[in-house]
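Notes to accompany the following structure.
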There are 2 protein chains.
Amino acid sequence: MVDKLISHINGICLLTGDEIEIVKELVREKDVPRKHFVHRAGEIAQYSAFVLEGCLRSYIIDQNGFEHVLQFAPENWWISDMYSFVKQTSSELNIDALLDSKVLILSRDCQLRIFDRIPKLERYFRILTENALASSNHRTLDYLSLPAKVRYQKFCDLYPTLINTLPQKQIASFIGITPEFLSKLRGERN
Amino acid sequence: MVDKLISHINGICLLTGDEIEIVKELVREKDVPRKHFVHRAGEIAQYSAFVLEGCLRSYIIDQNGFEHVLQFAPENWWISDMYSFVKQTSSELNIDALLDSKVLILSRDCQLRIFDRIPKLERYFRILTENALASSNHRTLDYLSLPAKVRYQKFCDLYPTLINTLPQKQIASFIGITPEFLSKLRGERN
DNA sequence: GTTAGTTCTTAACCTATATTAAGAAAATCG
DNA sequence: CGATTTTCTTAATATAGGTTAAGAACTAAC
């Protein structure tokens, strides 16, 4: 199963046989059944997770007890609380599985140490982070400038797979509206 | 003036004398008077800018002609259209100066080439990008979970300098409300 | 220092989206 | 399979924040 990560890395920068071995030793495989947590608010994020199967999500719970989804992570995505993972401070995010999932976990410690041994991996993560930032910026702009209906349409275009596998209320939460309002939008002709 | 960038880099990973020389050759200093552009929507973002003095901003103009601020860049910040800069696709953002400013510009080309010569700089940008993503995530969560008034208070706490130097309408745009509504919020007791 | 352009404030009115509630449909689990 | 929980829909009502407009307060430019 680790091969899935290796080929993801190879898609960005080619690893030698030795380097592949090192990577294999650093990550640990883990099953995450639906509704089980990978990380909880209040803790420091020690790990980043690469999704082999299934789908995870990160979200906060606000003062009124409502959940707000920051990220979905289907197959081949990394997920963590970036803020806590990078600054090693207490986290506000929860990360759990929306479907029965299988992940690889990598600790921040290992990650930083590996950057010195395999600079290619620093490049790999630099590129992933750049892409994530670019997407995040896009999402912010959509938020600032588009009404909910258009944000929903864009979500459907961008993540057609998720539309069919995830409950609508999760998607409503991601685009920043209530499930009731999303249901209403969907009910409207065209 | 380039020294300002050098010490910013040194704050994250120490450069040798030789490396400093290389950096100095790669960037170009540029004056940007208030209201002048560093980058325009429709073009591909060739450059990222490091602000030496003054303050820049990136923003989109929506279908109704309204501006929405994605980022402010006061002294010692980098600014670019990350999406366009990374993917080398046509940009939707404008970047201009809110105050008379002085910047250093670095092309994507140079940046990528320098990563091979000075891996330390790949690390520098990897770390900056991680931090930017962590902040961006935070902003998204605030957006999803907090009312405008609280977002404004957090902005004041986070960027006390900007509150005094920038017009309120720019700040309203950044936190995602109209200037009229911000004025109303500020008028309310406590 | 006058003029012209911005920015800020206030207030009346409007709208997108939230809230509440209750039933229908679907998914999960024993 | 039936029972229970979760999700989805619909509709009535409520509200945060937008729109419009007009005057006041700044700022910049000559």
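Side chains are part of it too, since the values below use all heavy atoms of this structure and drop only hydrogens, waters and symmetry mates. In what follows, every chain begins at residue 1, and chains take the letters A, B, ... in the order their sequences are listed.
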Using five pairs at each end of the helix from C:dG1-D:dC30 to C:dG30-D:dC1 to define an axis, what is the angle between those two axes, to 10°?
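It works out to 60° between the end axes.
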
Between [N] ([atom2]) and [X] ([atom1]): distance, integer Å:
X: A:D100; N: C:dT28; atom1: CG; atom2: P; answer: 10 Å
X: B:K169; N: C:dT7; atom1: NZ; atom2: C1'; answer: 7 Å
X: B:L144; N: C:dA18; atom1: CG; atom2: C1'; answer: 15 Å
X: A:R186; N: D:dC8; atom1: CZ; atom2: P; answer: 8 Å
X: A:I163; N: D:dC8; atom1: CD1; atom2: P; answer: 11 Å

Would you name the heavy atoms of B:D142 and B:R151 that are closest together and state the gap between them?
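Distance-wise, the nearest heavy atoms are O-CD, 3.7 Å.
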
List the residues meeting side chain to side chain contact (heavy atoms under 4.5 Å, CB included) with A:T178, not counting sequence neighbours, and say none if there are none.
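With sequence neighbours excluded, A:T178 shows a side chain to side chain contact (heavy atoms under 4.5 Å, CB included) to A:E180, A:F181, given in chain and number order.
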
Looking at residues at least two apart in the chain, or sitting in another chain, which of them share a side chain to side chain contact (heavy atoms under 4.5 Å, CB included) with A:F66?
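So A:F66 forms a side chain to side chain contact (heavy atoms under 4.5 Å, CB included) with A:D62, A:N64, A:H68.
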
Listing request: all ring pair (Phe, Tyr, Trp, His ring centres under 6.0 Å) pairs with a residue in residues 9-48 of chain A, at least two apart in sequence or in separate chains.
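Residue pairs passing ring pair (Phe, Tyr, Trp, His ring centres under 6.0 Å), neighbours aside: none found.
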
Do A:K154 and A:Y152 form a cation-pi contact, if we require the NZ or CZ to be under 6.0 Å from the six-membered ring centre and within 45 degrees of the ring's axis?
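No, a cation-pi geometry is absent between A:K154 and A:Y152.
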
If you compare every side-chain N and O of B:Q168 against the phosphate oxygens of C:dT9 (OP1, OP2), does one of them come in below 4.0 Å?
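So the side-chain polar atoms of B:Q168 do come within 4.0 Å of the phosphate oxygens OP1 or OP2 of C:dT9, strictly under.
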
Contact letters for nucleotides 11-30 of chain D, in which S counts primed atoms plus P, OP1 and OP2 and B counts the base, heavy atoms under 4.0 Å
------BSBBB---------

Could you list all the salt bridge (Lys or Arg N to Asp or Glu O under 4.0 Å) pairs where at least one residue sits in residues 118-141 of chain A, not counting sequence neighbours?
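Of all non-adjacent pairs touching residues 118-141 of chain A, those that pass salt bridge (Lys or Arg N to Asp or Glu O under 4.0 Å) are A:E19-A:K120, A:E122-B:R123, A:E122-B:R126, A:R123-B:D116, A:R123-B:E122, A:R126-A:E130, A:R126-B:E122, A:E130-B:R108.
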
Can you figure out which of C:dT10, D:dT6, D:dT10 approaches the side chain of A:K35 most closely?
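Between C:dT10, D:dT6, D:dT10, the one nearest the side chain of A:K35 would be D:dT6.
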
Can you tell which of A:L162, A:V51, A:L166 makes a side chain to side chain contact (heavy atoms under 4.5 Å, CB included) with A:P74?
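The single option meeting the side chain to side chain contact (heavy atoms under 4.5 Å, CB included) with A:P74 is A:L162.
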
